[in-house]
Amino acid sequence: MTDHPRGKGQAGQPPPALWTGRATNRLQWVLAAAGGFCMALGIELAVDEPWTSGTVPLLMAVVGCVAAGLLMLFGTLAFVHVAVRIDRDAMEVRCGHLGVPRRRILLDQVAGAEFVPRVTPRHWGGWGCRWRPEQGTAVIVRRGEGIALTLGDGRTYTVTVDDAETAVRVIRDHLRPGAATGPARAL
C-alpha cells in the first residue's frame, strides 16, 4: 500500500516533493509463526522433558530449536514489509517493523532510476536483502513492480514497492541535471 494513489502527479502535474510507499508480503507471517513454534518447542523440551536421555542430546535439541526459531522469526519479521521514503535529498528504505535493516541512498550518488515492472524473488535467490554480483543489491519482499537505481559507481540497488512508477518519476525529478534515466527493464 502506498500513501499516494497510482497515477497521482501525471498529466502535467509535477511529482510530489515527498513520496512514501511500501510493499507487504503476508505469507511471511506463516513463516514467522513456524519460527515461534520452533522456539516454543525448544522451551517446552527444556522445561518439561525428563532428562533421562542424557544432558548433551537434550541440550542440543533445545538450543537447536530455539536457534532455528529465532532465525526464522527474525528473518521473516524483518521482511514482512518494506517502507520507502523519497525526498529531495535521499531515498530511504526500511524493512520490517523495527525498520532494520535500513539503507539511505543520497540522490546525488544516483546516476539513474528505472521502473522495473516485474521483480521476482526467484531472480534474486529469495526474499530479503540480496546481493548478486551480476545484478547488484536488492530488497525483495514480494514479487511485482520495483525501483532500480543505478548508482554513480555503476552498482545497482533494487527494491520492490507499490506504485514504483511514481517513485521513479519523483527520483528523476530530484536528480541533478544530466543524470541518466534509462528505460524500464525486466529482471
Side-chain angles (χ1 to χ4, degrees), residues 1-4 18-87 90-106 109 116-149 151 153 155-164 167 187:
M1 178 175 246
T2 181
D3 294 342
H4 301 284
L18 173 66
W19 183 90
T20 58
R22 54 189 291 137
T24 301
N25 186 345
R26 287 175 177 65
L27 178 63
Q28 295 283 43
W29 286 110
V30 174
L31 298 173
F37 175 77
C38 284
M39 283 183 48
L41 178 62
I43 293 168
E44 175 71 19
L45 285 172
V47 173
D48 287 341
E49 185 67 28
W51 293 67
T52 58
S53 61
T55 306
V56 173
L58 184 60
L59 188 61
M60 289 174 61
V62 169
V63 169
C65 285
V66 170
L70 281 172
L71 285 172
M72 287 175 67
L73 196 59
F74 175 74
T76 56
L77 288 180
F79 297 102
V80 168
H81 71 264
V82 63
V84 178
R85 181 181 188 273
I86 301 167
D87 60 25
M91 178 176 91
E92 185 173 74
V93 178
R94 291 176 176 247
C95 300
H97 297 289
L98 297 176
V100 176
R102 177 176 73 179
R103 173 108 189 247
R104 182 174 168 85
I105 299 172
L106 297 175
Q109 298 173 350
V116 185
R118 183 166 164 81
V119 179
T120 65
R122 183 175 58 102
H123 289 120
W124 286 93
W127 287 314
C129 285
R130 298 295 180 188
W131 176 76
R132 295 189 66 176
E134 70 280 5
Q135 289 180 269
T137 306
V139 175
I140 309 295
V141 296
R142 53 107 174 113
R143 78 178 48 143
E145 62 185 309
I147 302 166
L149 297 181
L151 304 179
D153 60 5
R155 294 179 297 151
T156 61
Y157 185 81
T158 303
V159 61
T160 55
V161 66
D162 295 336
D163 197 19
L187 294 178

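- Among all heavy-atom pairs drawn from Cys65 and Leu45, the shortest one is SG-CD1, 4.3 Å.
- Shown here is Arg143, whose CZ atom has no more than 12 heavy atoms of other residues, nucleotides or ligands within 6.0 Å.
- Side-chain atoms of Arg94 never come within 3.5 Å of backbone atoms of Arg85 as a donor-acceptor pair (strictly under, hydrogens ignored).
- Within the model, atoms CG of Leu106 and CE of Met91 stand 11.5 Å from one another, a figure rounded to the nearest 0.5 Å.
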Q: Would you sort out whether Met39 and Leu73 count as a side-chain contact (heavy atoms from CB on, under 4.5 Å), showing the intermediate values?
A: CA-CA 9 Å; Met39 283 183 48; Leu73 196 59; 4.0 Å; yes
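- Here the closest heavy-atom approach between residue Thr160 and residue Val82 is recorded as O-CG1, 3.2 Å.
- Tested against Val139, the residues Val159, Val84, Ile147 include a single side-chain contact (heavy atoms from CB on, under 4.5 Å) partner, Val159.
- What you find for Arg132 and Arg122 is that their closest heavy atoms are NH1-O, 4.4 Å.
- Cys38 approaches Met72 most closely through the heavy-atom pair SG-SD, 4.3 Å.
- When all heavy atoms of Ala148 and Val116 are compared, the pair lying nearest together is CB-CG2, 3.6 Å.
- Separating the CZ atom in Arg130 from the OG1 atom in Thr137 is a distance of 12.0 Å, to the nearest 0.5 Å.
- Expressed to the nearest 0.5 Å, how far CH2 of Trp124 lies from OG1 of Thr158 amounts to 4.5 Å.
- Considering CD1 of Ile140 and CG of Asn25, their distance stands at 11.5 Å, rounded to 0.5 Å.
- A donor-acceptor pair under 3.5 Å is formed between the side chain of Thr156 and the backbone N or O of Gln135.
- Considering Val119, Thr120, Asp162 as possible partners of Arg142, the one that fulfils the side-chain contact (heavy atoms from CB on, under 4.5 Å) test is Asp162.
- At least one side-chain heavy atom of Leu31 sits less than 4.5 Å from a side-chain heavy atom of Trp127.
- Judged purely by atom type and a 3.5 angstrom limit, His81 has no side-chain atom pairing as donor or acceptor with the backbone of Ala23.
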